[in-house]
Structures are given as structure tokens and as C-alpha cells.
Visitor: 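Let me begin by handing over the structure; questions about it come next.
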Amino acid sequence: MDTTSTPVRAADAEVSAVLTALLADLRPAAERHGQLYGRLWEELGRASAGGKRFRGRLVVELHDTLGGTRRPAAAQVGAAVELLHVGFLVHDDLIDHDTMRRGEPNLAARMAALARAAGADERGAQELAEGAAVLAGDLAMSLAHRLVATVDVPGAVHARLQQLLWETVFVSVAGELADVAAGLGLEEVSLTDALRIAAEKTALYSFQAPMRAGAILAEAPAELRAEIEAVGLALGKAFQLVDDLLGVFAPESVTGKSALSDLREGKATTLVLHARTLPVWSRIGADVGRADLDEGTAAVMRRELARSAAPDRVARQAREELRAVARLLDGSSLLAPAAGVVGSARDAVARGLDDALGHVRAAAD
């Protein structure tokens with residue numbers, strides 16, 4: 001989702017300005033509740049400062065390309081979507097026991113270090129870290145609701161945005177819970193289930209919700225909003241399929257998070273589900289889901305996986321979702337005004353797929 005065009009830089013700057021002002025304005029109030037709360041607020045600000053901002057940018061870009069006239073409102077809703085993303089990431093790292101995010105210690109890890117510096121033992125440090133991550137994620141999502149609640153738009157538009165935000169949280173939680181249960185082996189998961197979980201956990205809040213929000217703010221007709229929702233679903237599925245590959249094969253320097261996490265957690269990703277049906281599973285299956293998995297063993301697993309048909313099957317699924325986006329664009333006159341924004345998003349996901357397959361090839365060598 002990277003680009004350097006002037007309109008995109010302006011959209012990024014406007015979304016970032018809303019986030020920065022909100023967190024800065026509330027930090028003194030947090031500090032009045034104690035030094036520790038002030039530090040938690042600081043770490044939330046740090047977590048909110050990184051990332052590509054493409055979700056917030058999609059809100060502004062769709063609003064603009066559909067003829068919207070509420071640019072400040074679009075930036076505010078874009079900031080809300082970004083805060084929702086931050087909340088999900090903080091909670092997701094906690095659920096996955098990850099300590100890295102965007103190439104540096106994440107919020108939980110920083111709060112654990114703070115506790116150790118104050119004299120806590122390891123158990124106490126982890127308890128503070130876990131509690132802080134839960135609370136910070138809650139704060140981020142509450143701030144997202146606050147931004148949407150206070151956006152200056154007509155009543156009907158406001159009601160649609162509120163409903164969209166509720167649906168996004170509601171469905172994303174369902175996807176996250178299903179993902180955790182599948183990783184623990186509590187539920188049998190098929191490839192169809194995995195794509196449904198990806199749609200619930202990732203597609204909705206990463207693509208469907210921001211694109212729908214932009215269309216709502218521009219007061220696009222219901223038929224167009226429905227078509228944008230379909231495009232967002234296909235883009236989100238492709239994005240998650242690419243992430244399934246990157247999560248195993250890309251180094252931490254590329255993804256900014258642990259390259260062991262998916263294998264250690266035994267996540268029932270599409271990559272793993274394909275591998276289970278192939279001969280490679282007899283060589284790696286016993287190590288998938290091992291909490292003590294080391295990098296040496298993981299490197300062997302990656303090589304075995306890379307030499308199997310599993311990555312290519314995932315890539316084929318991702319390409320099919322991207323072709324679905326192209327078909328939707330080609331078959332709809334309503335989507336024509338949004339073709340540029342949607343096409344850019346599709347191209348960015350396609351580039352991500354190419355990068356992921358490069359890492360697969362490197363692991364196979």
C-alpha cells in the first residue's frame with residue numbers, strides 16, 4: 001500500500017495529525033492519574049505512530065474519489081480506523097505471546113521492562129505487561145469509538161458509521177476467537193473455514209470497513225456501497241493469504257515481528273492447512289505448535305515447506321481473490337470512479353505476494 005503521490009502524502013498527514021493531536025491532548029489527563037498511566041499513554045502513542053496508515057488512507061481516498069466533500073471528517077474516521085487497528089494489534093500480540101512489533105519491542109515488552117527496572121521479578125513483570133496490553137488495547141478501541149462518535153456529519157451518515165464500527169469490532173472478535181481455537185486444535189478447520197476466519201479477522205477491518213466508511217462519508221448510493229464491500233472482502237482475503245506466507249517465510253527485518261510466532265502457535269493458516277494434506281506434513285507436523293521451537297528447527301521446517309506445493313497453493317488462492325477484484329471492477333459501471341483507488345490497493349497486495357514468494361524461494365535454497 002505504499003505510494004508517494006502528493007494526494008496520498010496529504011491524506012497520511014491529515015490522518016496522522018488527528019491521531020497526534022488526540023493523544024497529545026489527553027496525555028496530561030492520563031499523567032494526572034499517576035506516572036504509570038502516563039507511561040502507558042506514552043507507549044500507546046508509540047504504538048500508534050508506526051505502520052503504513054493504509055487503512056486510514058483508504059477512508060480518505062474513497063471519500064475523495066467518490067466526490068465527497070467532508071475531508072476533515074474523513075481524516076477523523078480514518079484516524080479511528082487506525083486506532084482500531086492499534087487496539088487489535090496490541091491484543092493480538094498478547095494472544096500470540098509476541099514481544100516484537102514493527103522491528104522493536106512492543107507495548108507489552110516495554111511495560112515488562114519498566115516493571116523489571118522498578119524491581120519486579122519476572123512473574124510480576126509479565127503480569128504488568130499483560131495487564132497493560134489489555135488495557136491499552138481497550139483504550140485504543142475506545143478512542144476509535146470516541147472519534148466516530150464526535151465526527152461532524154449529518155445524522156443518517158453518523159448512524160451508518162456507528163453501525164459499521166460496531167459490526168467491525170463484533171465480527172473481528174469472532175474471527176480472532178476462531179483463530180485462537182483453531183490453533184489450539186479445539187475446532188476442526190477446513191480451507192473454507194480458514195478463508196472465512198481471514199475475512200472476519202482481517203478483511204473487514206483492514207479493507208471493507210475503511211472503504212465502506214469512505215463511501216458512507218461521500219453518501220454513495222447503497223448499490224455502490226455493496227459493491228465496495230465485495231471488493232474489500234476480496235482484497236482482504238488476498239491480503240491475509242499473503243500475510244500467511246510472510247508470517248512463516250519472511251525474516252523479522254521485513255515483517256517487524258517474530259518469524260517463529262505462527263509456527264510456535266500452530267496457527268491453522270491456509271499454508272498449514274495445505275501442508276497437512278501433503279507429504280511434507282510427516283516431516284514437520286510434530287514441530288508445528290511447539291512452544292519451545294528454536295530457530296534452527298524452524299529453518300528446516302521453512303525449507304521443507306518451501307519445497308512443497310503448499311506455498312504455491314496459497315499463492316493461487318491469493319491470485320484468485322485479486323482476479324475477483326479485477327472482475328468486479330470490469331463488471332460494474334458504479335465502481336468506475338473508485339477504480340484508481342481499488343486498483344492501487346490491488347497492485348500493492350500483488351506486490352506483497354511477489355515479495356512473499358521471493359522469501360519462499362530463498363527458504364527453499
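In this text, all values refer to a predicted model and were calculated from it rather than measured experimentally. Heavy atoms only: backbone and side chains are in, while hydrogens, waters and symmetry mates are out.
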Visitor: Partners of Val173 by side chain to side chain contact (heavy atoms under 4.5 Å, CB included), sequence neighbours excluded?
Guide: Val169
Visitor: List the steps and the verdict of side chain to side chain contact (heavy atoms under 4.5 Å, CB included) for Glu229 and Leu224.
Guide: CA-CA 9 Å; Glu229 183 174 1; Leu224 176 54; over 6 Å; no
Visitor: Which heavy atom of Leu273 sits nearest to which heavy atom of Ser190, and what is that distance?
Guide: CD1-O, 3.5 Å
Visitor: With side chains defined as the heavy atoms from C-beta onward, is the minimum distance between Leu89 and Arg102 less than 4.5 Å?
Guide: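 They are in contact (side-chain heavy atoms under 4.5 Å apart), so the answer is yes.
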Visitor: Give the intermediate values and the outcome of salt bridge (Lys or Arg N to Asp or Glu O under 4.0 Å) for residues Asp312 and Arg316.
Guide: CA-CA 6 Å; Asp312 185 59; Arg316 286 204 303 267; 2.6 Å; yes
Visitor: What verdict does the side-chain hydrogen bond (donor to acceptor under 3.5 Å, both in side chains) test give for Glu176 and His91, after you've listed the backbone C-alpha separation in whole Å, the side-chain angles of each residue and the deciding distance to 0.1 Å?
Guide: CA-CA 10 Å; Glu176 183 66 42; His91 284 168; over 6 Å; no
Visitor: To the nearest 0.5 Å, tell me how far Asp193 CG sits from Thr270 OG1.
Guide: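 Spacing of CG (Asp193) from OG1 (Thr270) equals 12.5 Å.
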Visitor: Of all the heavy-atom pairs spanning Ala310 and Ala275, show the shortest one and how long it is.
Guide: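 Closest heavy-atom pair between Ala310 and Ala275: CB-N, 4.0 Å.
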Visitor: Does the pair Asp243/Lys257 count as a salt bridge with the N-to-O cut at 4.0 Å?
Guide: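 Looking at Asp243 and Lys257, the cut-off is met.
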Visitor: With a 4.5 Å limit on heavy-atom distance, are the side chains of Arg264 and Asp294 in contact?
Guide: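 Not touching, per the 4.5 Å side-chain cut-off.
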Visitor: Hey, are Asp287 and Thr297 close enough side-chain-wise for a donor-acceptor pair under 3.5 Å?
Guide: no
Visitor: Any non-hydrogen side-chain atom of Val59 less than 4.5 Å from a side-chain atom of His63?
Guide: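 No, too far: nothing below the 4.5 Å cut-off.
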Visitor: Start with the C-alpha distance between Glu321 and Leu235, add both sets of side-chain angles, then the distance that settles side chain to side chain contact (heavy atoms under 4.5 Å, CB included), and finish with yes or no.
Guide: CA-CA 7 Å; Glu321 295 297 339; Leu235 281 171; over 6 Å; no
Visitor: Throw together a table of side-chain donor-acceptor distances under 3.5 angstrom for residues 139-153, partners on residues two or more places apart or in other chains.
Guide:
from, atom 1, to, atom 2, distance (Å)
Ser142, OG, Asp138, O, 3.0
Thr150, OG1, Gln76, NE2, 3.1
Thr150, OG1, Arg146, O, 2.9
Thr150, OG1, Leu147, O, 3.4

Visitor: Nearest 0.5 Å, what's the CE-CG distance between Met211 and Leu58?
Guide: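 With rounding to 0.5 Å, CE (Met211) is 6.0 Å from CG (Leu58).
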Visitor: The criterion is side chain to side chain contact (heavy atoms under 4.5 Å, CB included); which residues satisfy it with Arg302, sequence neighbours excluded?
Guide: Val248, Phe249, Ala259, Leu260, Glu295, Ala298, Ala299, Ala363
Visitor: Tell me yes or no: between the side chains of Gln163 and Glu167, is some donor less than 3.5 Å from an acceptor?
Guide: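 Result is yes, a qualifying pair exists.
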Visitor: Any luck finding a side-chain donor-acceptor pair between Gln126 and Glu122 under 3.5 Å?
Guide: yes
Visitor: What's the spacing between Leu135 CG and Glu130 CD if we round to 0.5 Å?
Guide: 11.5 Å
Visitor: Would you compute the distance between atom CZ of Arg57 and atom CD of Glu82 and round it to the nearest 0.5 angstrom?
Guide: 9.0 Å
Visitor: Give me the atom names and distance for the closest heavy-atom approach of Ala238 to Leu322.
Guide: CB-CD2, 3.9 Å
Visitor: Please give me the minimum heavy-atom distance between Ala74 and Leu217, naming the atom from each residue.
Guide: CA-CD1, 3.6 Å
Visitor: Quick one: closest heavy-atom pair of Ala220 and Leu66, and the distance?
Guide: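 Heavy atoms of Ala220 and Leu66 come nearest at CB-CD1, 4.2 Å.
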Visitor: Do Val81 and Thr168 touch side chain to side chain, with heavy atoms closer than 4.5 Å?
Guide: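 Answer no - side chains too far apart.
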Visitor: Apply side chain to side chain contact (heavy atoms under 4.5 Å, CB included) to residues Val342 and Leu329 and explain how you reach the verdict.
Guide: CA-CA 8 Å; Val342 173; Leu329 286 176; 3.8 Å; yes
Visitor: Quick one, Arg160 with Arg225, criterion side chain to side chain contact (heavy atoms under 4.5 Å, CB included). Give me CA distance, side-chain angles, the key distance, then yes/no.
Guide: CA-CA 11 Å; Arg160 290 193 185 102; Arg225 296 202 306 271; 3.5 Å; yes
Visitor: Answer yes or no: is there a side-chain heavy-atom contact under 4.5 Å between His359 and Leu245?
Guide: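 No; the side chains remain at least 4.5 Å from each other.
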Visitor: Taking side chain to side chain contact (heavy atoms under 4.5 Å, CB included) as the definition, give me every residue that meets it alongside Ala364, ordered by chain and number, with sequence neighbours left out.
Guide: Ala306, Arg307
Visitor: Mind checking whether Arg53 and Ser16 have side chains closer than 4.5 Å, heavy atoms only?
Guide: yes
Visitor: What closest approach, in Å, do Thr255 and Leu246 show between heavy atoms, and which atom pair accounts for it?
Guide: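 Looks like CG2-O, 3.9 Å.
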Visitor: Could you check whether the rings of Phe88 and Tyr205 sit parallel, tilted or perpendicular, using 30° and 60° as the cut-offs?
Guide: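 Plane angle over 60°, so perpendicular.
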Visitor: Is any side-chain heavy atom of Ser258 less than 4.5 Å from a side-chain heavy atom of Thr99?
Guide: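 Of all side-chain heavy-atom pairs linking Thr99 with Ser258, none is under 4.5 Å.
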Visitor: Is any NZ, NE, NH1 or NH2 atom of the basic residue among Asp292 and Arg290 found under 4.0 Å from an Asp or Glu carboxylate oxygen of the other?
Guide: yes
Visitor: How is the hydrophobic cluster of Trp166 composed, in terms of its other members, when Ile, Leu, Val, Met, Phe, Trp and Tyr link through side-chain heavy atoms under 4.5 Å apart, directly or indirectly?
Guide: Phe170, Val171, Leu204
Visitor: In Å and rounded to the nearest 0.5 Å, what is the NZ to CG distance from Lys237 to Leu195?
Guide: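 Here the interatomic distance stands at 5.5 Å.
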Visitor: Taking the side chain as everything from C-beta on, heavy atoms only, tell me whether Leu305 gets closer than 4.5 Å to Val272.
Guide: no
Visitor: Salt bridge between Glu200 and Arg196, side-chain N to carboxylate O under 4.0 Å?
Guide: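 Looking at Arg196 together with Glu200, the answer is yes, because their closest N to O distance falls below 4.0 Å.
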Visitor: Please say which of Asp244, Asp262, Asp179 ends up in a salt bridge (charged side-chain N to carboxylate O under 4.0 Å, His left out) with Lys267.
Guide: Asp179
Visitor: Pair up each side-chain donor or acceptor in residues 25-32 with any protein partner under 3.5 Å, not counting sequence neighbours, and list the distances.
Guide:
from, atom 1, to, atom 2, distance (Å)
Arg27, NE, Glu31, OE2, 3.1
Arg27, NH2, Glu42, OE1, 3.4

Visitor: With no hydrogens and no angle check, just 3.5 Å: does a side-chain donor-acceptor pair link Ser261 and Asp96?
Guide: no
